[in-house]
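Sequence positions, counted from 1, serve as the residue numbers for this chain. Given the structure is predicted, the values throughout are model-derived calculations rather than measurements.
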Amino acid sequence: MNASEEAERALRAAPPHGLPDAIRSVLTRHYRAESVDLLMADYSLTVLQSVSALPHATEPLSVDNSPQGRAFGAQEPVREAQEDATVVHLPVTVRGDRLGVLTVTFPTDACPPTIVAELADIAEMLAHAVIVAERDTDVYLRARRKDRLTLAAEMQWQLLPGRACRRAEYAIGAQLEPAYAVHGDNFDWSATADHLVLTVTNGMGEGIDAALLSNLTINALRNARRAGIPIADQAALADQAVFARHRGDAYLSVLLLDFELATGRVQVVDAGSPRLLLLREGTVTPIDFDAQLPLGMFEETDYTAQEFYVSPGDRLVFVSDGVHAVASPAGEAYGDRALARAINATRLLPPAEMPRAVLRELAGHRGRPVPDDDALVVCLDWYGRPATDHPTAQDPGRSPTFPAPSHDPR
């Protein structure tokens with residue numbers, strides 16, 4: 001049995017909390033590994049922390065200034081040659097969602113370059129196993145936090161699908177701040193063979209009330225989406241759920257998008273939405289849709305989907321008002337102009353890295369590291385499907401009305 005086969009069997013047989021030990025045993029036996037450590041990225045994506053050293057007896061490692069951080073950021077193995085050992089840092093990532101890094105130390109003569117690809121495959125297996133194991137243990141979630149989460153933030157992070165996702169047609173990355181005290185902003189996505197549905201939520205209120213409102217809304221949208229109905233009807237049903245609970249005293253802004261993967265056609269419902277900007281061929285353009293009422297503001301609101309097209313090479317950036325409207329110490333709002341500069345400055349970063357870079361630049365504008373309001377950035381790169389003839393001449397700023405639903409969702 002080769003190392004990959006044995007690693008797969010060991011991960012399946014291991015208890016949920018025991019995945020690092022299972023991998024350590026396999027790598028020691030097959031490659032003479034001297035030490036193996038699984039490091040998880042924290043919620044703010046600033047440090048990597050060891051799972052084996054809970055409750056954090058070792059110092060966190062910087063994502064920006066360490067070999068482990070280079071492997072995490074570049075999503076490539078990084079080799080370190082030490083005096084009497086070779087250390088390899090391997091990204092632990094599943095479908096584009098970066099979880100952390102696997103660090104393995106070998107005797108100098110036991111780590112030829114040819115085995116690094118095998119080690120990278122094993123690290124990917126470990127990533128899949130961690131996602132499954134998190135249903136049954138808190139070990140990996142505890143390693144993700146360098147500070148205590150507020151209860152509202154705990155609820156929000158557990159609601160998310162991940163922080164990045166990659167497929168042949170697109171890549172998504174997203175980040176929330178303040179990571180350890182976020183209230184109501186949120187994002188969600190789900191894909192099938194033919195469609196990607198993306199939801200960006202600008203929450204209302206603070207603390208537990210904001211988290212409960214977002215939880216109600218996201219789950220109402222998921223319930224409607226999983227029933228297989230169009231996004232306009234999804235918005236209508238979620239609107240009913242929020243209004244039935246709060247009677248118009250609480251509501252929230254949502255942008256719903258349904259991407260047709262084969263053509264690049266996007267159906268959109270703008271319910272008082274977060275901002276959307278398009279980077280196409282070096283030019284950043286705000287995209288405005290016909291404004292519709294936020295979810296839960298009034299009873300039995302009807303929603304209408306509009307459409308536009310994305311082209312291969314497009315980058316879409318979504319931001320909440322905690323980004324777009326945040327003020328400098330002099331009272332100047334961040335706004336579209338500063339956002340356009342930030343989007344252009346980060347155009348070479350992958351979507352998984354771009355939101356954190358924009359939020360870091362935003363902190364400089366704000367003049368303080370911790371925001372008063374939630375700040376959400378979602379970045380989507382569109383690659384499209386090869387050899388697909390789809391419309392590209394459509395002006396991205398135009399939003400022709402999509403036909404209204406032919407049936408009453410209520």
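The closest side-chain donor-acceptor pair between Q75 and T93 falls under 3.5 angstrom. Side-chain N/O atoms of Y31 and E118 include a donor and acceptor closer than 3.5 Å.
Counting only residues at least two apart or in different chains, ring-ring contact (aromatic ring centres under 6.0 Å, His included) contacts with residues 330-349 comprise Y334-H365. Residue pairs meeting the ring-ring contact (aromatic ring centres under 6.0 Å, His included) criterion with at least one partner in residues 191-223, sequence neighbours excluded, do not occur; the list is empty.
Under a 4.0 Å N-O distance rule, the pair D288/R275 qualifies as a salt bridge. Salt-bridge annotation for R12 and E8: present, with a side-chain N of the basic residue lying under 4.0 Å from a carboxylate O of the acidic one. The residues R95 and E124 are annotated as not salt-bridged, no charged nitrogen and carboxylate oxygen being separated by less than 4.0 angstrom. Using a cutoff of 4.0 Å between basic side-chain nitrogens and carboxylate oxygens, E260 and R385 are not scored as salt-bridged. Ion pairing of R222 with D188 is present here, as a side-chain N (NZ or NE/NH1/NH2) and a carboxylate O approach within less than 4.0 Å. The pair R337-E332 does not count as a salt bridge, with every side-chain nitrogen at least 4.0 angstrom from each carboxylate oxygen. Remark: R265 does not engage D258 in a salt bridge, criterion side-chain N to carboxylate O under 4.0 Å.
Shown here for V242 and G296, the closest heavy-atom pair between the two residues is CG1-CA, 3.7 Å. Nearest heavy atom pair, residue A10 against residue V26, reads CB-CG2, 3.8 Å. Nearest heavy atoms, L359 versus A375: CD2-CB, 3.8 Å.
In this structure, the side chains of D239 and F298 stay at 4.5 Å or more apart for every pair of heavy atoms.
Within 6.0 Å of the CZ atom in R360, the count of heavy atoms belonging to other residues, nucleotides or ligands exceeds 12. Atom OH of Y170 has more than 12 heavy atoms from other residues, nucleotides or ligands within 6.0 Å.
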Worksheet item: Between D381 and R315, is a salt bridge (Lys or Arg N to Asp or Glu O under 4.0 Å) present by the stated rule, with each step listed?
Response: CA-CA 4 Å; D381 279 1; R315 168 166 285 188; 2.6 Å; yes
Practice prompt. Starting from the C-alpha separation in whole Å, work towards a yes-or-no answer on side-chain hydrogen bond (donor to acceptor under 3.5 Å, both in side chains) for H324 and D336.
Written response: CA-CA 7 Å; H324 186 265; D336 283 347; 2.9 Å; yes
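With L213 as the partner, the side chain to side chain contact (heavy atoms under 4.5 Å, CB included) test is satisfied by one option alone out of I208, L252, N186: L252.
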